[in-house]
Amino acid sequence: AKQHGKSHFEVFDPTMHESARARLDLECELRRSIDRDELYLCYQPIVEMASGALIGFEALARWNHPRLGQVSPEQFIPIAEDTGLIGVIGSKLLRMACRQMETWKASEKFAAELSVNFNLSAKQMSQNGLADDIRDSLSESSLSPDCLRVEITESAIMENLHEGVELLCDLRESGIRVEIDDFGTGYSSLALLHKLPLDVLKIDRSFIRKMLTSTENIAIVRTILTLADSLNLDVIAEGIETEEQRGQLLEMGCELGQGYLFSKPLDCVQIEHLICQACTW
Ligand code: C2E
Ligand code: CA
Ligand code: CA
Ligand code: CA
């Protein structure tokens, strides 16, 4: 039993012990999931909002565990990062995304310009040979570099600025476009931003969610759009759920969007249906 008033006994708080054990279990399961092929990708459409045309997808990791069911990436990606498993997992998922694109590209219904966005975590960025691994994945699937875009969060770049900039330069020299994810939630200075080798800013969905009820958030979105314009960057607004948000964003000059209004992340079979039906929004 817990001895109140004696803090050194509370180190053995049974609930803490349990959550630590649950985490260890999950870590162990994640390690096994790699060879058991339990990890896969879903793809969320990215849309040109004025026309409703599909322009690409964001690949999002999924884990279907036989006993635990679907485990959220918000839960397993941090574990993968802490344990270093993200290297193997990231590399495997990237090859999966490239093979998927290769298959889709073989279909005549699939527009040649479509590209896939892939998320890179901070931990992967400091890994030796990441750029080469990305180039290898592309060439193994006979894909040109403009089929792939990488997403890196603002904070991941800031965490590791020197290596980060070097990696981004390397990727862009190979023709792979670079997007800053969750933009606005980090704290990059404006002076720094214009030195970063980038192509796209993705406005974090927290600003889009509050945009219609808060003038402050509208102002933030407007500022990001102005900033992007002066730096010659494209913008993708994330987490668009309503027509009102789409309308407001279009009015402010934001052309590209992603969110449940258009589509939730879909598995590869659903994506194929969508392409066959030449779906637009
Ligand atoms: P993220 O990169 O910011 O991905 C966008 C997240 O927002 C996805 O969650 C997506 O399903 C969700 N989302 C999209 N549209 C809407 C919307 O309209 N409303 C709401 N409420 N949510 C929307 P998901 O798939 O659960 O992924 C969560 C995070 O896990 C990702 O955030 C990313 O940071 C990480 N992640 C996912 N897959 C990978 C991966 O392959 N590698 C790495 N390193 N991280 C990944
Ligand atoms: Ca992302
Ligand atoms: Ca994001
Ligand atoms: Ca996020």
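Each residue takes its place number in the sequence, starting with 1. What you see below is based on every heavy atom in this structure, not just the backbone, and it leaves out hydrogens, waters and symmetry mates. Indexing begins at 1, ligand by ligand and atom by atom, following the structure's order.
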List every atom of ligand 1 that sits less than 4.0 Å from any heavy atom of [X], numbering the atoms from 1 in the order shown and giving each element.
{"X": "Pro265", "result": "11 (O)"}
{"X": "Glu74", "result": "28 (C)"}
{"X": "Gly259", "result": "15 (N), 18 (O)"}
{"X": "Glu58", "result": "2 (O), 4 (O)"}
{"X": "Gly239", "result": "16 (C), 17 (C), 18 (O)"}

Compute the shortest N/O to N/O distance between [X] and ligand 1 and return yes if it is under 3.5 Å, no if not.
{"X": "Gln44", "answer": "yes"}
{"X": "Glu151", "answer": "no"}
{"X": "Tyr260", "answer": "yes"}

Ligand 1 contact by [X], heavy-atom criterion under 4.0 angstrom:
{"X": "Arg62", "value": "yes"}
{"X": "Ser72", "value": "no"}
{"X": "Glu241", "value": "yes"}

To which of Ala61, Gly90, Gly257 does the heavy atom nearest atom 41 (O) of ligand 1 belong?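 Considering heavy atoms of Ala61, Gly90, Gly257, the nearest to atom 41 (O) of ligand 1 sits in Ala61.
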Among Lys202, Glu238, Lys264, Arg205, closest by any non-hydrogen atom to atom 6 (C) of ligand 1: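 Nearest option to atom 6 (C) of ligand 1, by heavy atoms: Arg205.
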Sum of protein N, O or S atoms, each under 3.0 Å from the Ca ion (ligand 2):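 My tally for this metal is 4.
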SB check [X] [Y] (cutoff 4.0 Å):
{"X": "Lys92", "Y": "Asp35", "result": "no"}
{"X": "Arg67", "Y": "Asp25", "result": "no"}
{"X": "Glu216", "Y": "Lys210", "result": "no"}

Glu163: partners by side chain to side chain donor-acceptor pair (under 3.5 Å), with sequence neighbours left out: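 By the side chain to side chain donor-acceptor pair (under 3.5 Å) rule, Glu163 matches Asn160.
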Who passes side chain to side chain donor-acceptor pair (under 3.5 Å) against Ser126, sequence neighbours left out?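 Expected list: none.
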What part of [X] sits under 4.0 Å from ligand 1 if we count only heavy atoms: the side chain, the backbone, both or neither?
{"X": "Ile240", "result": "backbone"}
{"X": "Ser121", "result": "both"}
{"X": "Asp182", "result": "side chain"}

Nearest heavy-atom neighbours spanning Glu272 and Trp104: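 So the two residues come closest at OE2-NE1, 3.0 Å.
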Might you point out which heavy atoms bring Met125 and Ala156 nearest each other, and give the distance in Å?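 Heavy atoms only, the tightest pair is SD-CB, 4.1 Å.
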By side chain to side chain contact (heavy atoms under 4.5 Å, CB included) - contacts of Arg177 (at least two apart):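 With neighbours one apart ignored, the set is Asp146, Arg149, Asp199.
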Ignoring hydrogens and angles, tell me if any N or O in the side chain of Ser72 forms a donor-acceptor pair with the backbone of Glu74 under 3.5 Å.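 Looks like yes, one N/O pair under 3.5 Å.
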Is a donor on one side and an acceptor on the other found under 3.5 Å between the side chain of Lys202 and the backbone of Glu238?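 Not a single qualifying donor-acceptor pair exists.
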Is there a donor-acceptor contact under 3.5 Å linking the side chains of Thr242 and Arg246?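 The criterion, which ignores hydrogens and geometry beyond distance, is not satisfied for Arg246 and Thr242.
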So among Gln75, Gln70, Glu38, which one has a side-chain hydrogen bond (donor to acceptor under 3.5 Å, both in side chains) with Trp63?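 Only one option passes, and that is Glu38.
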Out of the candidates Glu179, Glu58, Gln124, only one should pair with Asn119 under the side-chain hydrogen bond (donor to acceptor under 3.5 Å, both in side chains) rule; please name it.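 The residue from Glu179, Glu58, Gln124 that satisfies side-chain hydrogen bond (donor to acceptor under 3.5 Å, both in side chains) with Asn119 turns out to be Glu58.
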With under 30° as parallel and over 60° as perpendicular, where do the rings of Tyr43 and Phe57 fit, or are they tilted in between?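 Tyr43 and Phe57: perpendicular rings.
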